[in-house]
Protein chains: 2
Amino acid sequence: MTQESPTFSPLYRQIKTLILQALEAGEWLPGQVIPSEQELAARFNVSQGTVRKAIDEMAADNLLVRKQGKGTYVASHNDPRALFRFLRLVPMDGDLSHPQSLPLDCWRAKAGQEASRMLGIELGAPIIILRRLLKFGAKPVVIDEIYLPGEIFQGLSMEVLQGWSGSLYSLFETRFGLRMIRAQERIRAVGADRSTSDALKVPEGTPLLSVERVTYTYGDKPVEWRRGLYSTAEHYYLNELN
Amino acid sequence: MTQESPTFSPLYRQIKTLILQALEAGEWLPGQVIPSEQELAARFNVSQGTVRKAIDEMAADNLLVRKQGKGTYVASHNDPRALFRFLRLVPMDGDLSHPQSLPLDCWRAKAGQEASRMLGIELGAPIIILRRLLKFGAKPVVIDEIYLPGEIFQGLSMEVLQGWSGSLYSLFETRFGLRMIRAQERIRAVGADRSTSDALKVPEGTPLLSVERVTYTYGDKPVEWRRGLYSTAEHYYLNELN
DNA sequence: TAGTGGTCTAGACCACTGT
DNA sequence: CAGTGGTCTAGACCACTAC
């Protein structure tokens with residue numbers, strides 16, 4: 001007899017949506033401070049506690065970062081702490097040297113069936129394919145093949161890639177205004193083919209981790225599809241289950 | 001000049017600790033309701049909001065489950081929703097049939113170097129080793145070797161295992177009062193050896209996922225170490241990155 | 001000292017579940 | 001209907017950061 005409001009949404013969630021829209025619109029950029037809770041409360045005509053709850057959730061989602069005494073910041077992949085948010089590979093000895101990204105190839109193509117499905121774009125739409133090697137110290141450990149929608153990544157080229165010292169997502173964020181929010185990985189075990197075994201310096205047929213990742217930006221829009229082959233001779237993929 | 005309290009802990013965290021202790025002491029068992037927020041507030045002499053914040057965190061930690069209008073419950077592995085909390089394997093076709101656990105062996109032994117380190121017990125301490133097969137429908141997909149501290153799992157035997165229809169953690173919880181709180185998995189790719197290839201019905205040398213898991217109970221105490229070999233011909237390991 | 005987020009409280013009201 | 005968790009508010013005070 002009740003069940004009156006099937007679309008009930010608490011105030012703080014509406015506020016969350018509004019803040020999200022402001023973020024999406026680029027009102028505050030990654031790494032910058034957003035207005036104080038008091039200011040936002042005034043702007044949206046709600047109490048500070050309601051804004052607080054909205055921001056709490058967004059901080060839990062890794063969209064914002066709170067810093068006591070300073071303010072609330074827009075999360076950024078330029079932050080070195082963000083590097084291992086998506087890269088779960090860990091050296092078996094506790095070596096903490098940061099991995100180094102080496103671009104190998106970068107070319108344009110048209111989306112095939114799989115790429116178009118994964119990226120949610122038309123079959124035949126322009127895409128950019130990027131191959132790169134990840135090294136931990138001197139050891140090649142991961143070889144990635146990365147598929148990007150050409151429309152979004154207009155100016156991407158080998159020159160751009162080679163002139164960038166930070167992480168890939170850091171580049172995407174700074175150069176293309178694209179913020180990677182969440183990702184989903186599908187992991188399988190496969191044998192190394194000829195070219196992969198060359199790149200990773202392992203015998204042909206060596207078991208490797210195949211890690212397929214789809215990465216999403218605001219509004220759950222997929223903007224990257226990649227397949228990485230991980231050599232797990234001296235590294236492992238670490239996953240925390242809670 | 002300030003920095004007065006290096007061990008400052010907010011009230012709601014102290015309350016959280018108290019509730020945790022009550023849980024650990026078995027004051028409320030898995031699946032049962034805990035007292036209402038009002039009652040707990042009265043018991044601990046704080047406001048309802050403070051209890052609420054403590055419970056919020058524990059719910060986020062998957063220790064408690066809130067049910068509006070009914071109460072707050074102690075999380076339980078008997079809950080069917082908990083099955084896929086630690087098992088991240090998904091069929092490639094959307095088949096949702098629940099996996100079936102088939103115990104193969106169960107014997108007693110003494111902890112070797114690796115087991116003693118992983119389980120935080122003395123070298124040579126009694127342990128129980130358990131082998132089992134996981135099937136999705138008719139297909140064998142995972143073979144597990146599970147190491148348990150003998151002290152805790154006194155009465156565990158093949159008979160007990162075979163007489164249990166639910167999940168392993170559900171058995172541990174019900175039969176041994178052990179609640180699995182969190183786990184850590186280290187994933188690598190390996191080739192199937194002879195006995196594994198037999199059990200999983202795959203050719204020898206087939207690349208498999210090696211998933212080593214350490215599972216913890218209250219107080220970050222490790223109580224299970226297992227190694228699973230996953231056939232990823234028709235399944236994949238799914239991981240959400242946030 | 002001023003401004004920020006963090007904690008704690010008390011009270012009002014809403015939504016959901018059972019009887 | 002009474003009891004539960006869920007939301008929202010307003011105000012006081014604490015902890016941290018900067019100037």
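Phe136(A) and His235(A) have their aromatic ring centers within a separation under 6.0 angstrom.
Within a heavy-atom distance below 4.0 Å of DNA chain D, the residues of residues 46-58 of chain B found are Arg52(B). Near DNA chain C, meaning a heavy atom under 4.0 Å away, the residues from residues 11-37 of chain B are Leu11(B), Tyr12(B). For DNA chain C, the neighbouring residues in residues 66-73 of chain A, judged by any heavy atom under 4.0 Å, are Arg66(A), Lys67(A), Gln68(A), Gly69(A), Lys70(A), Gly71(A), Thr72(A).
Going from atom CD of Gln38(B) over to atom P of dG3(D) covers 11 Å, rounded to whole Å. Between the CG atom of Asn45(A) and the C1' atom of dC8(D) there is a distance of 14 Å, given to the nearest Å.
Side-chain contact annotation: Trp225(B) with Glu212(B), donor-acceptor N/O pair under 3.5 Å present. Defined by atom type and a distance below 3.5 Å, a donor-acceptor pair is missing between the side-chain atoms of Thr217(B) and Arg179(B). Residues Glu145(A) and Tyr147(A) bring a donor and an acceptor atom of their side chains to less than 3.5 Å of each other.
With sequence neighbours left out, the side-chain hydrogen bond (donor to acceptor under 3.5 Å, both in side chains) criterion links Tyr237(A) to Glu185(A), Asn239(B). Judged as a side-chain hydrogen bond (donor to acceptor under 3.5 Å, both in side chains), and not counting sequence neighbours, the contacts of Asp56(B) are Arg66(B). In terms of the side chain to side chain contact (heavy atoms under 4.5 Å, CB included) criterion, residue partners of Ser47(B) (sequence neighbours excluded) are, by chain and number, Thr50(B). Checked against side chain to side chain contact (heavy atoms under 4.5 Å, CB included), Phe84(B) has the following partners two or more places apart in sequence or in another chain: Leu87(B), His98(B), Pro99(B). Under the side chain to side chain contact (heavy atoms under 4.5 Å, CB included) criterion, Glu39(A) pairs with Pro35(A), Ser36(A), not counting sequence neighbours. Judged as a side-chain hydrogen bond (donor to acceptor under 3.5 Å, both in side chains), and not counting sequence neighbours, Gln21(A) has no contacts.
Listed by first then second residue, pairs satisfying ring-ring contact (aromatic ring centres under 6.0 Å, His included) with a partner in residues 54-82 of chain B read His77(B)-Phe86(B), His77(B)-Tyr169(B), not counting sequence neighbours.
Note that Arg188(B) lies outside the cation-pi zone of Tyr236(A), set by a 6.0 Å cut-off to the ring centre and a 45° limit from the axis.
Two end axes, each from the C1' atoms of five base pairs, can be drawn for the helix from dT1(C)-dA18(D) to dG18(C)-dC1(D); they diverge by 10°, to 10 degrees.
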Can I get a per-line list of side-chain donor-acceptor pairs under 3.5 Å for residues 152-159 of chain B, giving both atom names and the distance, sequence neighbours left out?
from, atom 1, to, atom 2, distance (Å)
Gln154(B), NE2, Glu151(B), O, 3.1
Ser157(B), OG, Glu159(B), N, 3.4
Ser157(B), OG, Glu159(B), OE1, 3.2
Ser157(B), OG, Val160(B), N, 3.4

